[in-house]
Amino acid sequence: MKIEEFFDEVLTVRMTPERDALDIIDQTLLPGTIKRINLKTKEEIWEAIKKLRVRGAPAIGVSAAFGIALLASKIEASDFEVFYKEFKENKDYLASSRPTAVNLFWALNRMEKVCQASKDKSIEEIKNILFEEAYKIQAEDVQISRNIGEIGFKILEELKEDGEPIGIETHCNAGTLATAKYGTATAPMYIALEHGWKGSDMHVYCDETRPLLQGARLTAFELKQAGITTTVQCDNMASALQKLGKVKVIFVGCDRVARNGDAANKIGTSLLAICAKHYGIPFYVCAPSSTIDMETPTGKEIPIEMRDSEEITSMWYKERMAPEGIEVFNPAFDVTDHDLITGIITEKGLCTAPYDKAFEKLGIC
Ligand code: MRU
């Protein structure tokens, strides 16, 4: 299958042509089953985000934008006040699905601003404007990934040694399945292919990413499909891999970056960064500017989602793998301290420490 066809087949979210449902690929079934499902109610959209049927910070943002537009299209109201009250209730409900990825709140706030700015228009016009804004957010996400990819590709070009595939490590899935097309951490790889690199010019090591296996199930699936040499290893094998000198650079995504550059991403990312510092491997966080939260001063203030114990004890096994009633620690994300990060790649440019100044310079506010 050609890469563009694959992107289309696994497109994280789109509206049905009738604009009566969100059409998403159910990521909980991948890689074994490629199945698209329709979400029509606010409960279905909320559940899909909560259960990670659609996941990854930018894809959650795009889904929330389409979701709030869809729900708004069903509001029966003749005046703005009544319409806005229900819009706001829907917005607050969707915002309660997951706490860490700031793109969820960013997208919903952007939709609300557009709604308020249109208050003098007819309700039918407002409904259309909301759909158009959601399409805009989706299209922007494609361009944002491309820009991140171009910057990341330059880094790859600088690090690549003649005749050797370049070893790249990544964690979780910050790929096409987490965005509207190219991913963030995977964008440099897709852009490298566009610049004429062969899949065998790169060797991507995907951390399996316990407990929900986004690396093994999703990133490895995507990259293999793209013809890129790909290896999966368990998360606790990362230091062995790095010690062997297999990894020349690390690209990861993020769910929220604080003003000082501390970056929340999938649990296990900070371990990878600590290890990378020890072995002198450059560690880059790929972040659309919508993921940078200038209102959160440091990583300490980033809310970290805690998830069900079954994800660790029983979900993937034929039999339960921990004693009944055992206490489980299952944070979905951790925070990588800014001093472990070589650079944060945004669509506006590469940022290095001090990050608050770098973000301001690029007009991220
Ligand atoms: O819990 P998930 O699967 O939504 O976590 C996803 C990640 O941690 C990604 O790395 C992050 O959202 C960036 S996606 C471009």
Side-chain angles (χ1 to χ4, degrees), residues 10 12-13 24-28 30 48-64 97-107 138 140-142 144-149 152 169-190 206-222 235 250-257 263-273 283-293 302-308 311-312 315 330-336 341 344-347:
V10 300
T12 42
V13 57
I24 66 158
I25 178 148
D26 186 345
Q27 299 193 32
T28 62
L30 292 171
I49 297 175
K50 178 79 191 166
K51 291 276 165 70
L52 276 58
R53 297 186 200 287
V54 59
R55 43 142 306 280
I60 293 173
V62 175
S63 303
S97 53
R98 292 191 79 188
T100 305
V102 77
N103 305 58
L104 172 65
F105 312 101
W106 169 86
Q138 186 180 41
E140 283 172 16
D141 188 62
V142 176
I144 285 168
S145 289
R146 283 200 65 88
N147 292 2
I148 289 174
E169 187 169 6
T170 190
H171 192 73
C172 191
N173 173 263
T176 184
L177 287 158
T179 61
K181 191 160 180 181
Y182 300 97
T184 56
T186 56
M189 307 160 201
Y190 290 122
C206 302
D207 292 342
E208 160 197 59
T209 318
R210 283 280 293 159
L212 292 177
L213 311 183
Q214 291 94 328
R217 293 190 304 107
L218 308 178
T219 311
F221 165 68
E222 279 181 26
D235 303 343
I250 297 170
F251 290 124
V252 296
C254 59
D255 283 76
R256 190 186 300 223
V257 180
N265 190 47
K266 180 51 55 190
I267 191 72
T269 304
S270 67
L271 265 178
L272 199 64
F283 181 93
Y284 290 97
V285 172
C286 302
S289 54
S290 54
T291 312
I292 298 168
D293 181 4
I302 298 178
I304 299 292
E305 175 183 10
M306 299 302 290
R307 294 189 62 91
D308 290 346
E311 290 179 353
I312 291 179
M315 186 170 155
N330 187 15
F333 302 97
D334 61 21
V335 174
T336 300
I341 298 171
I344 298 180
I345 308 175
T346 79
E347 77 278 13

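Throughout, numbering of the chain's residues begins at 1 and tracks the sequence. Counting convention: from 1, in listed order, for ligands and their atoms alike.
Under the 3.5 Å distance criterion, with hydrogens and angles disregarded, no donor-acceptor pair is assigned to the side chains of D255 and T100. T209 and D207 are not linked by any side-chain donor-acceptor pair at a separation below 3.5 angstrom, with hydrogens and angles left out of the test.
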Using a cut-off of under 3.5 Å, which N/O atoms of ligand 1 pair up with protein N/O atoms, and what distance separates each pair?
residue  : atom   : partner : partner atom : Å
ligand 1 : 1 (O)  : R98     : NH1          : 3.4
ligand 1 : 1 (O)  : R98     : NH2          : 2.8
ligand 1 : 1 (O)  : K266    : NZ           : 2.7
ligand 1 : 3 (O)  : R55     : NE           : 2.5
ligand 1 : 3 (O)  : R55     : NH2          : 3.4
ligand 1 : 3 (O)  : Q214    : NE2          : 2.9
ligand 1 : 4 (O)  : G56     : N            : 3.1
ligand 1 : 4 (O)  : R98     : NH1          : 2.9
ligand 1 : 8 (O)  : D255    : OD1          : 3.0
ligand 1 : 8 (O)  : N265    : OD1          : 3.0
ligand 1 : 8 (O)  : K266    : N            : 3.2
ligand 1 : 10 (O) : N265    : OD1          : 2.6
ligand 1 : 12 (O) : A57     : N            : 2.8
ligand 1 : 12 (O) : D255    : OD1          : 3.0
ligand 1 : 12 (O) : D255    : OD2          : 3.2

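With sequence neighbours left out, the ring pair (Phe, Tyr, Trp, His ring centres under 6.0 Å) criterion links F283 to no other residue. Under the salt bridge (charged side-chain N to carboxylate O under 4.0 Å, His left out) criterion, R210 pairs with no residue, sequence neighbours left out. Under the ring pair (Phe, Tyr, Trp, His ring centres under 6.0 Å) criterion, Y190 pairs with F7, not counting sequence neighbours.
Environment of NZ in K51: sparse, with no more than 12 heavy atoms of neighbouring residues, nucleotides or ligands closer than 6.0 Å.
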